[in-house]
Amino acid sequence: MGVDAQYGGVVTNEGAGSASGVQTDVRAIAIIGAGPAGLIAAEILATAGYRVTLYERMPSPARKFLMAGRGGLNLTHSEPLETFRTRYGGGADRVQRAIALFPPSDLIAWANALGQETFTGSSGRVFPKAMKASPLLRAWLKRLDELGVSLKTRHTWTGFDAVGGLTFTGPEGAVVSVHPAATVLALGGASWPKLGSDGSWVSILQRAGVASTPLSPSNCGVLVPWSSVLKDRCAGLPLKRIAVHFGGKTQRGDLIITRTGLEGGAIYALGPLLRQALHAASNARLTIDLKPDMLEADLAARLGKAKPGQSLANTLRKAASLDPAAIALAREGGTALPRRPEDLARHLKAVPVTVTGLGTIDRAISTAGGVAAAALDENFMLTARPGVFAAGEMLDWDAPTGGYLLQACFATGTAAAHGVLQWLESGRKNGQNRSLGDRACSDPPVR
């Protein structure tokens, strides 16, 4: 047993968890999870002079971050901060406070400092000019390496040892225990588990007395029991420039018809409302406005000008400018469409769709739920595990796409890192050595 800077503290081999009197390395910090929240926490703590070791169970870091950048890395959003902070649900108070301390302007400045200049699109979303995650990640990892951060890949966190340290299964099944002065958990949610975040940490923290809310899919598609005709003819086709109404909220955008339901931003934004409704009932009914830019009366007038004897499909295509996917959706349900222009216009402005469930969590863009707000102090430290902090998507918050997800990961990772610094500094001022016994059994110090 000995201090190993490359392992982030005192390191022991298998079985050392039962040893007594193990001392921490007071300058060593472990971060578990090498996504955006973990990487930004590592940068802040290494800049402050601590020896930081990042543990990642995948062969390389930030795999989901890289995937998010395939279609253009949406880092954040340019809307006013007062509006920005309203986009978060779940245990949003701490996330909102973290974003106030590390707002979008700070994230943009950080990216620019890495040589990755940003621009704001017409939608208000902010992207790197390279429109990719890989150049930014390469520059970031280079900075972390220069700061002395050690990256340990293929290390799966398995829990806490008998004296409060961390246990891992390393490459080729090696079992390692480490005993850092502080730990930041940034293990993500449970969406796209093949990229690294599988939610296995939930049971570990529950055994440690840390409360959490169930993980559920967010920013995901919905399940709709389509007819075989619509499945066969329209799966993969888009519904352009539509508006979805549900629960008193309207969301404009585009959708894709899939064999199992609907995908797309207009549905993702309504996810929290749909999730709540589906918890209370077996299905939820939303409506889709196929012509949101036209008043119902104007649409009826155009439909009324159709040539006598023209088929209904041609009327919808010519008078209402509907494409085949929209026409098929309007006809879905087995009942004949109304012929009176007024009735037909009313239907096209509110086509009913019955949703029976959400898409699977492994295909969701993100997850809702996670470490409960009540399980954290104001500095993102686990009250049941003093010296252990949590950040990123593993916390109980929910947000739509559009830059809000990454901003919250960066902001909470930043907040957790500053929480670590404050906690360690308060220990020094109080003359405490932060021994493992203190961390595992005693109350956190008074700030």
Side-chain angles (χ1 to χ4, degrees), residues 85-96 187-193 197-206 209-226 242-253 255-289 332-333 350-376 390 392-402 404-405 408-409 412:
R85 291 170 62 194
T86 66
R87 305 299 187 183
Y88 295 88
D93 288 349
R94 281 180 178 78
V95 174
Q96 291 172 349
L187 290 138
S191 61
W192 289 96
S197 300
D198 62 359
S200 59
W201 53 265
V202 172
S203 59
I204 296 174
L205 291 186
Q206 285 177 341
V210 179
S212 63
T213 56
L215 296 176
S216 58
S218 181
N219 292 298
C220 62
V222 294
L223 306 180
V224 180
W226 299 129
I242 53 85
V244 184
H245 304 278
F246 182 75
K249 184 176 180 180
T250 298
Q251 185 66 41
R252 289 196 177 209
L255 294 174
I256 296 290
I257 297 174
T258 69
R259 291 191 67 82
T260 58
L262 292 166
E263 291 271 1
I267 281 291
Y268 299 162
L270 296 171
L273 290 174
L274 287 166
R275 187 186 308 115
Q276 184 178 11
L278 291 167
H279 281 165
S282 60
N283 59 65
R285 183 169 129 153
L286 54 81
T287 61
I288 296 179
D289 184 347
E332 179 73 356
V351 178
V353 174
T354 299
V355 174
T356 57
L358 300 178
T360 58
I361 197 168
D362 62 316
R363 298 287 294 181
I365 293 175
S366 60
T367 51
V371 176
L376 300 166
E393 199 181 334
M394 68 183 295
L395 304 180
D396 180 15
W397 55 270
D398 194 12
T401 57
Y404 307 104
L405 296 169
C409 288
T412 56

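This chain uses plain numbering: 1 for the first residue, then up along the sequence.
With contacts defined as side-chain heavy-atom distances shorter than 4.5 Å, the pair Leu187/Ser197 does not qualify. Counting heavy atoms from C-beta outward, Asn283 and Val355 have side chains that stay 4.5 Å or more apart. Side-chain atoms of Thr250 and Val244, non-hydrogen and from C-beta on, never get closer than 4.5 Å to each other. A heavy-atom distance below 4.5 Å is not found between the side chains of Leu262 and Ile256. Residues Val371 and Asp396 fail the side-chain proximity criterion, which asks for heavy atoms closer than 4.5 Å. Contact check for Val222 versus Leu270: no side-chain heavy atoms found under the 4.5 Å cut-off. You'll find the side chain of Trp192 reaches within 4.5 Å of the side chain of Arg363, heavy atoms only. Within the 4.5 Å cutoff, the side chain of Leu255 has heavy atoms near those of the Ile267 side chain.
Taking both residues in full, the closest heavy atoms of Ser212 and Gln206 are given as OG-NE2, 3.7 Å, listed atom of the first, atom of the second, then distance. Considering all non-hydrogen atoms of both residues, Ala408 and Val95 come closest at CB-CG1, 3.9 Å. A pairwise comparison of heavy atoms in Trp226 and Gly261 identifies NE1-O, 3.1 Å as the closest pair. Minimum interatomic distance between Gly359 and Cys220 (heavy atoms only, all atoms of both residues): N-SG, 3.9 Å. Nearest heavy atoms, Tyr88 versus Ala92: O-CB, 3.4 Å.
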- Can you list the steps and then say if Ile242 with Arg252 is a side chain to side chain contact (heavy atoms under 4.5 Å, CB included)? CA-CA 6 Å; Ile242 53 85; Arg252 289 196 177 209; over 6 Å; no

- Message: Between Leu278 and Leu358, does the side chain to side chain contact (heavy atoms under 4.5 Å, CB included) criterion hold? Intermediate values first, please.
- Response: CA-CA 8 Å; Leu278 291 167; Leu358 300 178; 4.0 Å; yes

- Message: Quick one, Trp201 with Val210, criterion side chain to side chain contact (heavy atoms under 4.5 Å, CB included). Give me CA distance, side-chain angles, the key distance, then yes/no.
- Response: CA-CA 11 Å; Trp201 53 265; Val210 179; over 6 Å; no

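Note: Ile288 CD1 to Glu332 CD = 11.0 Å, rounded to the nearest 0.5 Å. Atom OG1 of Thr412 and atom CE of Met394 lie 10.5 Å apart (nearest 0.5 Å). To the nearest 0.5 Å, atoms OG (Ser191) and CD1 (Ile361) are separated by 7.0 Å. Rounding to the nearest 0.5 angstrom, the gap separating the CD atom in Glu393 from the CG atom in Leu215 is 8.5 Å. Atom CD1 in Ile365 sits 8.5 Å away from atom OG in Ser218 (nearest 0.5 Å). Note that the OG1 atom of Thr401 and the CZ atom of Arg87 stand 11.0 Å from one another [nearest 0.5 Å].
Using a cutoff of 4.0 Å between basic side-chain nitrogens and carboxylate oxygens, Asp398 and Arg275 are scored as salt-bridged.
The backbone N or O of Ala373 sits less than 3.5 Å from a side-chain atom of Arg94, completing a donor-acceptor pair. With hydrogens and angles disregarded, no donor-acceptor distance shorter than 3.5 Å links the side chain of Trp397 to the backbone of Gln96. Proximity of a side-chain donor or acceptor of Thr367 to a complementary backbone N or O of Ser216 within less than 3.5 Å is not detected.
Defined by atom type and a distance below 3.5 Å, a donor-acceptor pair is present between the side-chain atoms of Asn219 and Ser366. Counted by atom type alone, Tyr268 and Glu263 present one or more donor-acceptor pairs between their side chains at under 3.5 Å. Judged purely by distance below 3.5 Å, without hydrogens or angles, the side chains of His245 and Thr287 never pair a donor atom with an acceptor atom.
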